[in-house]
Protein chains: 2
Amino acid sequence: MEVGLREVAALAGVSVGTVSNVVNGRATVAQEYVDRVNDAVMQLGFVRNDAARALRSGTSRTVGMIIPDGNNPFYTSVALGASDAATLNNNIVLVGTSHDEAEREARYVEAFGEQRARGLIIASAGNIHDRLHQFARGGMPSILLDPDVDERFSSVGPDDVLGGRIGVQHLIDTGRRRIGFVGGPMRLRVLTDRLVGANDAISGTNGAVTLEVFETPDRTVLTGRTIGERVLKRPPETRPDALFAMTDLLAIGILQALDAHRVAVPGDISIIGYDDIDFASTTSVPLTSIRQPMEIIGRKAVEMIEAQREGGSKKREHITIEPTLVPRDSTLRP
Amino acid sequence: MEVGLREVAALAGVSVGTVSNVVNGRATVAQEYVDRVNDAVMQLGFVRNDAARALRSGTSRTVGMIIPDGNNPFYTSVALGASDAATLNNNIVLVGTSHDEAEREARYVEAFGEQRARGLIIASAGNIHDRLHQFARGGMPSILLDPDVDERFSSVGPDDVLGGRIGVQHLIDTGRRRIGFVGGPMRLRVLTDRLVGANDAISGTNGAVTLEVFETPDRTVLTGRTIGERVLKRPPETRPDALFAMTDLLAIGILQALDAHRVAVPGDISIIGYDDIDFASTTSVPLTSIRQPMEIIGRKAVEMIEAQREGGSKKREHITIEPTLVPRDSTLRP
DNA sequence: CTGAAAGCGCTAACAT
DNA sequence: ATGTTAGCGCTTTCAG
């Protein structure tokens, strides 16, 4: 049989209201009663029933988060930041992973909606904005991690234009003049944004700096290696003297190819990656990278959820957080 | 104002009981009513209140999972398997990440307990078995991913003895005779188990095979590189002709060191890693690795939870799943 | 096959 | 400061 407030109250010889107050650390209950109640709680192994609590109070303690890929450090770091922020209000973050399956994702959206989660942080696999909107109508704040703005929802994300600018500016500052931009497919908003930033940096420079785009079908290590090989087929004087890879994975592949051919990094060609994954610091030549402000994004998302709850789901915001350069040997060593 | 069964019933012109039946796809409700109810649901944007459902029915749809590290492919793959299994019963898996903080972990244990989760799958950061036991007393099945057996809980995990045996056997089968076992700290149960397996394989061989343990303080790429350098300091004829690394990270570090010194892999020294992370297939020489049956572990864990729920929390089980060898060039290429 | 009504365990308002 | 009590929205008998 389930132990409830009632059983605790009976054992402690007080009323359920008092037990509730003690359990929730509320009001000023006489110390004697507090002790008696706590004893009874221990003795009976009482665990508060959150369903009843949520039903009655109309408020949940969980912030829902849905991500496409559990192994992507970007999302897990966002989750960490979100968890930190949620803890401040005594809430928790629960994560569902869609594994890029629309159906699984929909199940999570539904589940969090039914749980009346405080809000939803979602990096969508497909376009579920409409479905999401259905729940948003019910008052659940939803924050998108998507770069594509949907006016119905708020969003937080990295400033990709700035990221592109920072990367190229660093290459220019370290004396590079023929820069290769490696990434794709170029229909991705993140990438076009970074390209804009890259061109911004070049426009702001006096010297003749060229930017060449190496478009790739994906952003994996293997593809990076292919790009590296392709670059090495060209005569040295027509090669780029710097490669700006849109993921660290690409950068690692490029580095492998250059290593295999004994091309010096950064002596002959310098390399920048993007994301600053753990591996970036442990490659044969440690990789300069652009670090995305992931924890901050997560923290911000939770703050926006709470703000929307208070403000009665008022205005939508679209916030962008600044990435930073993490310089390492792949651009700096002589 | 919140839309409930009542509002839907009013609009559809039926009773709440009927709406409940339709929403849950239960019983045989007249088609006409089904349609009218569904229309009303759409029109009002009704979302079932899970708190009320859970409270009344006394049963939740969520399986809780607590992991120490969101970036560890081991755990995320276990989560995937668990999610697959849960889906079969129309349940979902929600993951909390403790980031190796006991406090965060405790919060999640508590939250899942209060939510009356169907059960808990937990890879513990510290020893929270006692706290866990408190909730288990309340009937919530808890499955440990820990290798250390606690008789109060069931557990599922990889068979590490077998993993160690498979790896060394493969090296012996491919003609190696001086095997290095790289990993540490050796107080970890996983590692001592694997070492037992490694020795098993050697005992079962006629030829004179030696096993040398290279103990490491951790299992990172950098440490792997250090070990690689150390091995290379020895004259070639006294070096191991094969290195069995306890993580792919270690193996990658070793490979980097050998690459840098132009030592042929697997020609001079062959390498096996452990875990078969994504990176294993994309190293300069693709890495042979031991793949842990992570999805299966997750699936099994969920099955055990459901079994315990039905069997009234009867007996505890301790199940072990067989890892497999993933052969690649680092041991096979001539 | 559908409608009416009793609670699930808790919180919060009110009474004492 | 503590006790009493009315629901929160739903599921689930039990009647009709």
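Within every chain, numbering begins at 1; the chains are lettered A, B, ... in the order of the sequence lines, protein sequences first and strands thereafter.
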Can you find a pair of side-chain heavy atoms, one from A:M304 and one from A:V156, that are under 4.5 Å apart?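 Heavy-atom side-chain distance check passes, below 4.5 Å.
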Any salt bridge linking [X] with [Y]? Criterion: basic side-chain nitrogen under 4.0 Å from a carboxylate oxygen.
{"X": "A:R36", "Y": "A:E32", "result": "yes"}
{"X": "B:R53", "Y": "B:D50", "result": "yes"}
{"X": "B:R107", "Y": "B:E110", "result": "no"}

Suppose we screen for side chain to side chain donor-acceptor pair (under 3.5 Å). Which residues come up paired with A:T62, at least two apart in sequence or across chains? none
What nitrogen or oxygen pairs link the protein and nucleotides 7-11 of chain D at under 3.5 Å?
from: D:dG7; atom 1: N2; to: A:R56; atom 2: NH1; distance (Å): 3.0
from: D:dG7; atom 1: N3; to: A:R56; atom 2: NH1; distance (Å): 3.3
from: D:dC8; atom 1: O2; to: A:R56; atom 2: N; distance (Å): 3.4
from: D:dG9; atom 1: N2; to: B:A52; atom 2: O; distance (Å): 3.4
from: D:dC10; atom 1: OP1; to: B:N49; atom 2: N; distance (Å): 3.4
from: D:dC10; atom 1: OP2; to: B:L5; atom 2: N; distance (Å): 2.4
from: D:dT11; atom 1: OP1; to: B:N24; atom 2: ND2; distance (Å): 3.4
from: D:dT11; atom 1: OP2; to: B:S20; atom 2: OG; distance (Å): 2.9
from: D:dT11; atom 1: O2; to: B:R56; atom 2: NH1; distance (Å): 2.9

With A:R6, which residues qualify under side-chain contact (heavy atoms from CB on, under 4.5 Å), at least two apart?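 A:R6 satisfies side-chain contact (heavy atoms from CB on, under 4.5 Å) with A:V16 only.
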Do A:T87 and B:R104 get their side chains close enough for a donor-acceptor pair, meaning under 3.5 Å?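 No, B:R104 and A:T87 have no side-chain donor paired with an acceptor closer than 3.5 Å.
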Polar side chain donor-acceptor pair, A:R48 to A:N24, under 3.5 angstrom: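 Yes, side-chain donor-acceptor contact under 3.5 Å.
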Pairs under 3.5 Å (N/O, protein and nucleotides 14-16 of chain C):
none

Taking atom C1' of C:dC10 as reference, at what distance in whole Å does atom CD of B:E114 sit?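 Value for this atom pair: 12 Å.
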Can you tell me the distance, in whole Å, between the CD atom of B:Q115 and the C1' atom of C:dG9?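 To the nearest whole Å, that distance equals 16 Å.
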Terminal axes of the helix from C:dC1-D:dG16 to C:dT16-D:dA1 (five pairs each): angle between them, nearest 10 degrees: 40°
Sole residue of A:H318, A:R316, A:E317 in side-chain hydrogen bond (donor to acceptor under 3.5 Å, both in side chains) with A:S155: A:H318
State whether B:S15 places a side-chain N or O below 4.0 Å from either non-bridging phosphate oxygen (OP1 or OP2) of C:dT2. no
Could you list the residues that satisfy salt bridge (Lys or Arg N to Asp or Glu O under 4.0 Å) with A:D150, not counting sequence neighbours? A:R152
